[in-house]
Amino acid sequence: MNKIKVRFAPSPTGPLHIGGARSALFNYLSARHNRGELVLRSEDTDLERSRREYEEEIIESLRWLGIDWDEGLEVGGENGPYRQTERLNLYNEYTARLLESDQAYYCFCSEEELEEERRQAMARGQMPGYSGKCRYLTAEEVKARLAQGQKPAIRFKVPSNRVYVVDDLVRGRVNFDSNNIGDFIIVKSDGIPTYNFAVVIDDVLMGISHVIRAEEHLSNTPRQLMIYDALNLKRPEFAHISLILGDDRQKMSKRHGATSLVQYREMGYLPEALFNFLALLGWSPEGEEQILSPDEIISAFTLERVAKNPAVFDLDKLNWINQQYIKQKDHEELKTLIMPYLQESPYAEDVARLDKVQLDLLVEVLRDRIICLNDVGKELAEFFALPEYDAGAMEILQADGTEPVLEAFINGLPDYKEAAEIQQFIKSITKSLKLKPKNVFMPLRCALSGKSHGPDLPYLIFIWGREESLSRVRQVLEMIK
RNA sequence: GGCCCCUUGGUCAAGCGGUCUAAGACACCGCCCUUUCACGGCGGUAACGGGGGUUCGAGUCCCCCAGGGGUCACCA
């Protein structure tokens with residue numbers, strides 16, 4: 001088998017979408033698994049909507065996810081340029097061939113005319129599709145109109161009574177009847193080629209062996225096959241992966257909340273978690289393990305194990321995976337990740353007062369309590385929000401046995417060096433007062449934090465510091481007396 | 001509407017004619033650990049869309065129907 005070469009070809013009309021990211025990922029995985037190559041190219045022929053900023057944002061997102069490529073944007077290569085708008089002369093050559101061989105023709109219809117045609121077809125109960133009106137214009141008419149300065153589009157002459165067959169690597173054999181397809185535009189009146197045409201030329205010129213893309217492109221494939229055939233070009237293999245749906249089973253869109261990769265980054269998801277999660281949407285490894293490193297995924301990835309059915313984006317699972325990755329981080333790495341969130345929080349000043357030991361403990365306590373980095377903000381309130389004694393807390397504080405516990409705490413809290421000593425000390429109160437642990441911990445917790453739940457009490461005390469803790473308990477003691 | 005794709009538990013999914021009285025994971029529920037919450041451990045509820053075939057035997061193959069999705073642009 002020849003070396004495989006795949007590509008990811010986004011159109012820079014918006015940020016990288018979750019679905020696009022997965023297409024990129026599957027291409028990347030195929031390339032790496034087979035020791036082939038990945039090309040990144042920009043399909044920017046929609047002049048209206050394409051923006052260079054989006055291209056940059058997409059590239060940044062891909063890099064963030066952990067995807068790199070061997071040829072194309074930013075890295076260069078021998079088949080450039082890698083932006084379609086910079087390849088216009090290349091397409092012209094093929095357009096000319098199609099025109100000369102009478103497989104394409106000029107179309108002078110205006111938007112309005114086409115619109116009207118569509119309306120009438122609808123009214124007749126038929127569906128839109130170009131009538132072929134300009135197909136039989138004589139050479140003289142064409143010449144005349146051109147001379148008048150009219151700007152025509154160029155349409156491909158769809159052969160009739162032909163069946164186009166796609167042997168799709170994930171869907172199997174799919175047939176399309178050419179009679180259901182109207183003559184389509186390959187070059188717009190502004191001289192820019194359309195997707196269905198440019199994509200073929202690029203894939204051929206760049207030596208793409210496998211086209212792996214979203215299923216929404218399956219219906220377009222016969223049009224592309226026509227171009228390959230008309231130009232006598234070798235067709236690549238195709239693999240159409242199913243779409244990612246929202247929880248209402250519709251194609252993922254803004255309505256479903258965050259759909260772009262940058263949004264997930266901003267929410268504090270880790271790139272390795274997204275990488276893992278996206279790989280598992282539509283693909284599954286042989287084993288039962290769900291948490292897989294990029295290398296493990298690469299070595300296990302094959303198109304044969306890609307599912308045909310669409311997948312609903314399951315945020316719960318993403319959350320769980322992200323949590324797993326947070327748990328796996330070593331301390332310093334986690335600290336580095338969390339620091340910015342600590343510094344941006346309303347409690348940044350409190351955090352700044354902590355010494356290294358306290359800060360390290362805070363990071364470790366946070367580890368088990370957050371799902372994504374963004375949770376740090378609200379979790380921090382558990383540590384640094386001033387106590388507000390709610391009804392439940394007051395009830396516990398005003399119970400009979402509370403006073404002696406608080407007094408014992410104030411009188412006996414040792415000059416500890418680590419949180420474990422605090423734990424031991426509180427345990428010792430349970431013994432000396434002959435109380436259940438709960439009847440010691442809860443009054444203290446409520447006195448200290450105002451709440452009946454939260455992180456381990458010794459950790460909280462350690463992070464607040466001895467003086468602050470004592471002072472809080474003293475105040476409560478006075479209040480309830 | 002035409003064409004095309006898809007259909008296993010709430011979700012992701014394994015299964016590629018017999019070992020399926022159907023795996024695993026997320027979520028959910030229960031129990032345990034525990035001062036509480038979280039973490040962790042253990043266990044549980046829960047599925048082959050419907051109908052016809054083919055076959056000794058069908059979740060697995062074929063057909064029909066239903067449902068969902070995609071596509072029919074001078075967008076990709």
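Labels below follow one simple rule: chain letters A, B, ... track the order of the sequence lines, proteins then strands, and each chain is numbered from 1.
- Atom C1' of nucleotide rC3(B) and atom CG of D168(A) are separated by 16 Å, given to the nearest angstrom.
- In the model, R213(A) has a side-chain atom that pairs as donor or acceptor with a side-chain atom of T221(A) under 3.5 Å.
- Nucleotide rG70(B) holds its C1' atom 12 Å from the CZ atom of R223(A), rounded to whole Å.
- For the P atom pair drawn from rC31(B) and rG51(B), the interatomic distance equals 39 Å after rounding to whole Å.
- Taking only side-chain nitrogens and oxygens, Q290(A) never comes nearer than 4.0 Å to OP1 or OP2 of rC12(B).
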In B/S/- notation, 5' to 3', how is nucleotides 28-43 of chain B contacted by protein heavy atoms closer than 4.0 Å? -------BBBSSS---
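- Using modelled atom types and a 3.5 Å distance limit, the side chains of Y269(A) and N319(A) yield a donor-acceptor pair.
- Under the Watson-Crick or G-U wobble criterion, with both distances below 3.5 Å, rC28(B) is paired with rG44(B).
- Residues N276(A) and Y325(A) bring a donor and an acceptor atom of their side chains to less than 3.5 Å of each other.
- Using N1 to N3 plus N6-O4 or O6-N4 for Watson-Crick, or N1-O2 and O6-N3 for G-U wobble, each under 3.5 Å, rC16(B) pairs with nothing.
- Separation of the C1' atoms belonging to rU60(B) and rG41(B) is 37 Å when rounded to the nearest angstrom.
- With RNA chain B read from its 5' end, the first of the two nearest nucleotides for D314(A) and L218(A) is the one closest to L218(A).
- Nucleotide rG2(B): paired with rU71(B) (Watson-Crick or G-U wobble, both distances less than 3.5 Å).
- Relative to the side chain of K251(A), the nucleotides rG68(B), rG15(B), rG70(B) differ in distance, and rG70(B) lies closest.
- In the model, N309(A) has no side-chain atom that pairs as donor or acceptor with a side-chain atom of S242(A) under 3.5 Å.
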Within the sub-3.5 Å range, which N or O atoms of nucleotides 74-76 of chain B have a protein N or O partner, and how far apart are they?
residue, atom, partner, partner atom, Å
rC74(B), O2, S189(A), N, 2.7
rC74(B), O2, S189(A), OG, 2.7
rC74(B), N3, S189(A), OG, 3.0
rC74(B), N4, C109(A), O, 2.7
rC75(B), OP2, K188(A), NZ, 3.1
rC75(B), O2', D46(A), OD2, 2.9
rC75(B), O2', R49(A), NH2, 3.4
rA76(B), OP1, T45(A), OG1, 2.6
rA76(B), OP1, K188(A), NZ, 2.9
rA76(B), OP2, Y195(A), N, 3.2
rA76(B), O3', E43(A), OE1, 2.7
rA76(B), O2', S11(A), OG, 3.3
rA76(B), N6, N220(A), OD1, 2.5
rA76(B), N6, N220(A), ND2, 3.3
rA76(B), N1, N220(A), OD1, 3.2

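- Close to rC12(B), at under 4.0 Å from its OP1 or OP2, lies no side-chain N or O of K317(A).
- Using a 4.0 Å heavy-atom criterion, one finds that I321(A) contacts no nucleic acid atom at all.
- Summarising the geometry, the separation between NZ on K308(A) and C1' on rU8(B) is reported as 15 Å, rounded to the nearest angstrom.
- Between the C1' atoms of rG40(B) and rU34(B), the separation comes to 11 Å (whole Å).
- In this structure, a donor-acceptor pair under 3.5 Å is absent between the side chains of H256(A) and D247(A).
- The CE-C1' distance, from M226(A) to rC72(B), rounds to 12 Å in whole Å.
- Atom name P, nucleotides rC6(B) and rC64(B): the rounded distance is 14 Å, in whole Å.
- At whole-Å resolution of the value, CD1 in I244(A) and P in rG70(B) are 14 Å apart.
- Put simply, the side chain of K317(A) reaches to within 4.5 Å of the side chain of I321(A), judged on heavy atoms.
- By the 4.0 Å N-to-carboxylate-O rule, R369(A) lies too far from D375(A) to be salt-bridged with it.
- Residue-to-nucleotide proximity on RNA chain B shows that, of E286(A) and R249(A), the 5′-proximal contact is made by E286(A).
- Y416(A) has its ring centre less than 6.0 Å from the ring centre of F462(A).
- Rounded to whole Å, the separation between the P atoms of rC42(B) and rA25(B) comes to 10 Å.
- Rounded to the nearest Å, the gap between the P atom of rC65(B) and that of rC4(B) is 13 Å.
- Whole-Å rounding puts the L292(A) CG to rA13(B) P distance at 15 Å.
- Listed pair N309(A) / rC5(B) fails the phosphate criterion, with no side-chain N or O lying under 4.0 Å from OP1 or OP2.
- Between rG59(B) and rU19(B), the distance separating the two C1' atoms is 15 Å to the nearest Å.
- The cationic atom of R22(A) (NZ for Lys, CZ for Arg) lies less than 6.0 Å from the six-membered ring centre of F26(A) and within 45° of the ring axis.
- A close approach under 4.0 Å does occur between a side-chain nitrogen or oxygen of R305(A) and OP1 or OP2 of rG15(B).
- For Q224(A) and rC4(B), the CD to C1' distance is 15 Å, given to the nearest whole Å.
- Look at CZ on R171(A): it is 13 Å from C1' on rU71(B), rounded to the nearest Å.
- Pairing partner, rU34(B): none, since no Watson-Crick or wobble contact has both distances short of 3.5 Å.
- For D316(A), counting side-chain heavy atoms from C-beta on, the closest listed nucleotide (rC26(B), rC3(B), rU8(B)) is rC26(B).
- Between rC37(B) and rA13(B), the distance separating the two P atoms is 35 Å to the nearest Å.
- OP1 or OP2 of rA14(B) lies within a sub-4.0 Å distance of a side-chain N or O belonging to S284(A).
- Applying the ring pair (Phe, Tyr, Trp, His ring centres under 6.0 Å) test to every pair with at least one member in residues 148-175 of chain A, sequence neighbours left out, gives these pairs: F156(A)-F184(A).
- When heavy atoms are screened at a 4.0 angstrom cut-off, F176(A) is found touching the sugar-phosphate backbone but no base atom.
- Backbone-only engagement by G282(A) is indicated by non-hydrogen atom pairs under 4.0 Å involving sugar-phosphate atoms exclusively.
- Within the cation-pi definition used here (under 6.0 Å to the ring centroid, within 45° of the axis), R145(A) qualifies as a partner of F108(A).
- The closest donor-acceptor contact from the side chain of R472(A) to the backbone of L448(A) lies under 3.5 Å.
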